[in-house]
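Because the structure is predicted, anything quoted here is derived from the model rather than measured.
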Amino acid sequence: NLKNKIIFVGSLDKRKELDKVLMSFYRIIPKISKKIILIIIGDGSQRTFLKELSLKLGINHRIKFVGKINNSKILQKYYSEAICSVSYGQAGLAVLQSFGFGVPFLTKKNAISGGEKYNIIHEINGILCDDSNISLDLNLSRICQELKFAKGLGKNAYEHYHKYCTIDNMVQAFKDAINKTRKTKIRK
């Protein structure tokens, strides 16, 4: 499949810091392929603001707002075309979903998380940026320019998910806690 999309999947609210992603995308456009577009999947209070920002920046032709998607087959199509999945301000269950589809995840080191971001191993299966525009720009442009690197991250993300993040492995962790055993697969 042609990998020409950066995707965001989730609710469009302020804590996700999607405005920073749009600004970064605007700054890196001269450095990346004209075929790469940003797909925003989801709905929320920031939708109008983000659409207006993309118009103001003159990048609305490179950004597609598709709304909320609950159909896994449609979602799978977007992931199959994704270079990476990005959520700068929050890295929750979208990390595991992205990994499950074999797509690397890009966020910042101090993103809000319920712990899911700790599955991201920088430059192995995803990207952890510093909390700066420079870091976001450099990492986002690198993943778009170096598709072999991006595909390697995706392969590792998929393997990581299937080794450590499946429902069976998570259930085993509960069983281990109750039975005082250690059968859960954990990353060393």
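For the pair Thr107 and Val86, the minimum side-chain heavy-atom distance is 4.5 Å or more. For the pair Gln46 and Leu18, the minimum side-chain heavy-atom distance is 4.5 Å or more. Residues Asp131 and Tyr88 have side chains in contact (heavy-atom distance under 4.5 Å, counting atoms from C-beta outward). Counting only heavy atoms from C-beta outward, the side chains of Leu38 and Arg62 never approach each other to under 4.5 Å. Within the 4.5 Å cutoff, the side chain of Leu136 has heavy atoms near those of the Leu106 side chain. Considering only heavy atoms from C-beta on, Cys144 comes within 4.5 Å of Ile6 through its side chain.
We find the CD1-OG distance between Ile120 and Ser98 to be 8.5 Å, quoted to the nearest 0.5 Å. Here the CG-CZ distance, from Asp19 to Phe49, works out to 5.0 Å after rounding to the nearest 0.5 Å. Here the NZ atom belonging to Lys68 is positioned 8.0 Å from the CG atom belonging to Asp43, to the nearest 0.5 angstrom. Atoms OG and NZ, from Ser72 and Lys77 in turn, are 14.5 Å apart once rounded to the nearest 0.5 Å.
Ile41 belongs to a hydrophobic cluster with Ile7, Val9, Ile37, Ile39, Val66, Ile69, Ile74, Leu75, Tyr78, Tyr79, Phe101, Val103, counting contacts under 4.5 Å between side-chain heavy atoms of Ile, Leu, Val, Met, Phe, Trp and Tyr, direct or through other members.
Residues Gly58 and His61 approach most closely at O-CE1, 3.2 Å, considering heavy atoms. What you find for Leu153 and Gly126 is that their closest heavy atoms are CD2-N, 3.9 Å. Considering all non-hydrogen atoms of both residues, Ala91 and Ala111 come closest at N-CB, 4.1 Å.
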Determine, stepwise, if the pair Ile127 / Leu140 fulfils side chain to side chain contact (heavy atoms under 4.5 Å, CB included).
CA-CA 9 Å; Ile127 301 288; Leu140 198 54; over 6 Å; no
Mind running side chain to side chain contact (heavy atoms under 4.5 Å, CB included) on Asp130 and Lys109 for me, showing each step along the way?
CA-CA 6 Å; Asp130 293 328; Lys109 291 174 188 170; 2.7 Å; yes
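Under 4.0 Å is where a charged nitrogen must lie from a carboxylate oxygen, and between Glu159 and Lys155 at least one such pair does.
Under a hydrophobic clustering in which Ile, Leu, Val, Met, Phe, Trp and Tyr are joined whenever their side-chain heavy atoms come within less than 4.5 Å, directly or via other members, Ile143 and Ile121 fall into different clusters. Hydrophobic clustering of Ile, Leu, Val, Met, Phe, Trp and Tyr side chains at less than 4.5 Å, counting indirect connections, keeps Ile112 apart from Val95. Taking hydrophobic clusters as Ile, Leu, Val, Met, Phe, Trp and Tyr residues chained together by side-chain heavy-atom distances below 4.5 Å, Leu93 does not share a cluster with Tyr118.
The number of heavy-atom neighbours closer than 6.0 Å to OH of Tyr158, taken from other residues, nucleotides and ligands shown, is 12 or below. Taking a 6.0 Å sphere around NZ of Lys3, one finds it holds more than 12 heavy atoms contributed by other residues, nucleotides or ligands. Sparse packing is recorded around CD1 of Ile134, with 12 or fewer heavy atoms of other residues, nucleotides or ligands lying under 6.0 Å away. Atom CZ of Phe149 has more than 12 neighbouring heavy atoms from other residues, nucleotides or ligands inside a 6.0 Å radius.
Side-chain polar atoms of Lys16 and Ser11 form a donor-acceptor pair below 3.5 angstrom.
Scanning for ring pair (Phe, Tyr, Trp, His ring centres under 6.0 Å) contacts around Phe99 gives His160, with sequence neighbours left out.
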Show every donor-acceptor pair shorter than 3.5 Å between a side-chain atom in residues 20-28 and any protein atom, with sequence neighbours excluded, or say none if there are none.
unit_1: Lys20; atom_1: NZ; unit_2: Glu17; atom_2: OE1; d: 3.1
unit_1: Ser24; atom_1: OG; unit_2: Asp137; atom_2: OD1; d: 2.6
unit_1: Arg27; atom_1: NE; unit_2: Asp137; atom_2: OD1; d: 3.3
unit_1: Arg27; atom_1: NE; unit_2: Asp137; atom_2: OD2; d: 2.6
unit_1: Arg27; atom_1: NH2; unit_2: Asp137; atom_2: OD1; d: 3.0

